[in-house]
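Presented below is the structure to which this report refers.
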Protein chains: 2
Amino acid sequence: MKKSEVLKIVGQNIKRIRLEKGFTQVDLVGKIEARIDTTNISRIEKGRTNATIHTLYKISQALEVPLSEICSVNISKKV
Amino acid sequence: MKKSEVLKIVGQNIKRIRLEKGFTQVDLVGKIEARIDTTNISRIEKGRTNATIHTLYKISQALEVPLSEICSVNISKKV
DNA sequence: TCTTGACTTGTCAAATATGACAAGTATGAA
DNA sequence: TTCATACTTGTCATATTTGACAAGTCAAGA
């Protein structure tokens with residue numbers, strides 16, 4: 001699986017969960033004590049940036065889901 | 001949960017799985033088609049670096065586990 | 001149309017992840 | 001002790017993430 005695909009799937013996970021919970025990006029930022037920016041959330045959701053694990057962790061906190069849930073990418077069959 | 005704790009847990013996950021599978025860090029690098037370095041694997045396992053999701057994905061590929069498994073951090077009770 | 005809210009995108013500066021290499025540490029075997 | 005293997009750590013250059021801000025897009029209402 002290509003880098004861009006991985007980033008896209010992670011971003012879709014985040015966006016899907018966020019919408020399911022009825023949050024806006026601004027809501028998320030408000031829920032995170034550590035600083036984070038809607039610009040970055042947007043970029044991550046769109047798969048335009050290769051986020052660090054800590055940033056994803058902060059987002060998972062705001063979404064109230066385990067980090068592993070937003071990192072749920074199908075295990076590739078072939079490398 | 002502090003940033004350093006998150007990084008440490010992810011690193012421990014990787015190291016634990018790697019040892020369970022009997023791989024050395026050099027083995028891992030050899031299994032990953034995309035370029036990655038033992039220096040970086042070591043730093044990630046030690047929690048000294050805030051790895052990007054794509055790097056963790058590459059490691060998960062080499063370890064033959066889902067990305068979500070190495071990202072398994074207990075959901076924090078309190079923010 | 002105009003406005004508002006939500007999101008996207010461009011740019012910038014600062015911080016830092018990454019790959020590469022060298023050197024150091026630790027362990028175990030001969 | 002010596003050697004080999006595995007890992008850690010320091011440093012460097014490069015690339016990129018991140019937060020911040022501004023501006024742009026888009027859809028839904030009034």
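Only a predicted model underlies this, so the values are computations on that prediction, with no experimental measurement involved. Just so it is clear: chains get the letters A, B, ... in the order the sequence lines come, proteins before strands, and each one is counted from 1.
Between Lys58(A) and dG19(D) there is a side-chain N or O to OP1 or OP2 distance below 4.0 Å. Between Ser42(B) and dT9(D) there is no side-chain N or O to OP1 or OP2 distance below 4.0 Å. OP1 or OP2 of dT18(C) lies within a sub-4.0 Å distance of a side-chain N or O belonging to Asn40(B). Remark: Arg48(B) is not in phosphate contact with dA17(C), judged by side-chain N or O atoms under 4.0 Å from OP1 or OP2. Look at Thr55(B) and you'll find a side-chain N or O under 4.0 angstrom from OP1 or OP2 of dT18(C). A sub-4.0 Å separation between OP1 or OP2 of dT17(D) and a side-chain N or O of Thr49(A) is present.
If you check distances only, the side chain of Thr38(A) never reaches the base of dC7(C) with a donor-acceptor pair under 3.5 Å. Taking 3.5 Å as the limit, the base of dG19(D) and the side chain of Arg43(A) contain a donor-acceptor pair of atoms between them.
Summarising the geometry, the separation between CG on Leu7(A) and C1' on dT16(D) is reported as 12 Å, rounded to the nearest angstrom. Computed from coordinates, the Tyr57(A) OH to dT18(D) C1' distance equals 19 Å when rounded to whole Å. Protein atom CD1 of Ile41(A) is 13 Å distant from nucleotide atom C1' of dT8(C), rounded to whole Å. The distance from atom CG of Asp37(B) to atom C1' of dG10(D) is 14 Å, rounded to the nearest whole Å. Note: CG (Asn50(B)) to P (dA17(C)) measures 5 Å, nearest angstrom. Atom CD1 in Ile53(B) sits about 11 Å away from atom P in dT18(D), given to the nearest Å. Rounded to whole angstrom, the span from the CZ atom of Arg35(A) across to the C1' atom of dC21(D) amounts to 14 Å. One can place CD1 of Ile44(A) at 16 Å from P of dT16(D), the figure rounded to the nearest angstrom.
Taken from CD1 in Ile41(B) to CG in Leu28(B), the straight-line distance is 4.5 Å, to the nearest 0.5 Å. To the nearest 0.5 Å, atoms NZ (Lys46(B)) and NZ (Lys15(B)) are separated by 5.5 Å. Note: Ile36(A) CD1 to Lys31(A) NZ = 12.5 Å, rounded to the nearest 0.5 Å.
A distance-only check finds a donor-acceptor pair linking the side chain of Asn50(B) to the backbone of His54(A) [under 3.5 Å]. Lys58(B) contributes no side-chain N or O that, together with a main-chain N or O of Ile32(B), makes up a donor-acceptor pair within less than 3.5 Å. No donor-acceptor pair closer than 3.5 Å links the side chain of Glu69(A) to the backbone N or O of Pro66(A). With Arg43(B) contributing its side chain and Arg48(B) its backbone, the two residues share no donor-acceptor pair below 3.5 Å.
Side-chain contact between Lys21(B) and Val65(B) is present, with heavy atoms from C-beta onward closer than 4.5 Å.
Backbone-only engagement by Ile36(A) is indicated by non-hydrogen atom pairs under 4.0 Å involving sugar-phosphate atoms exclusively.
Residue Glu45(B) is the one, among Thr52(B) and Glu45(B), whose nearest nucleotide of DNA chain D lies closer to the 5' end (criterion: closest heavy atom).
Interface residues of residues 10-29 of chain A facing DNA chain C, ordered by number: Lys15(A), Arg18(A), Thr24(A), Gln25(A); criterion, heavy-atom separation under 4.0 Å.
Of the candidates dT9(D), dT9(C), dA17(C), dT9(D) carries the atom nearest the Lys46(B) side chain, counting heavy atoms from C-beta on.
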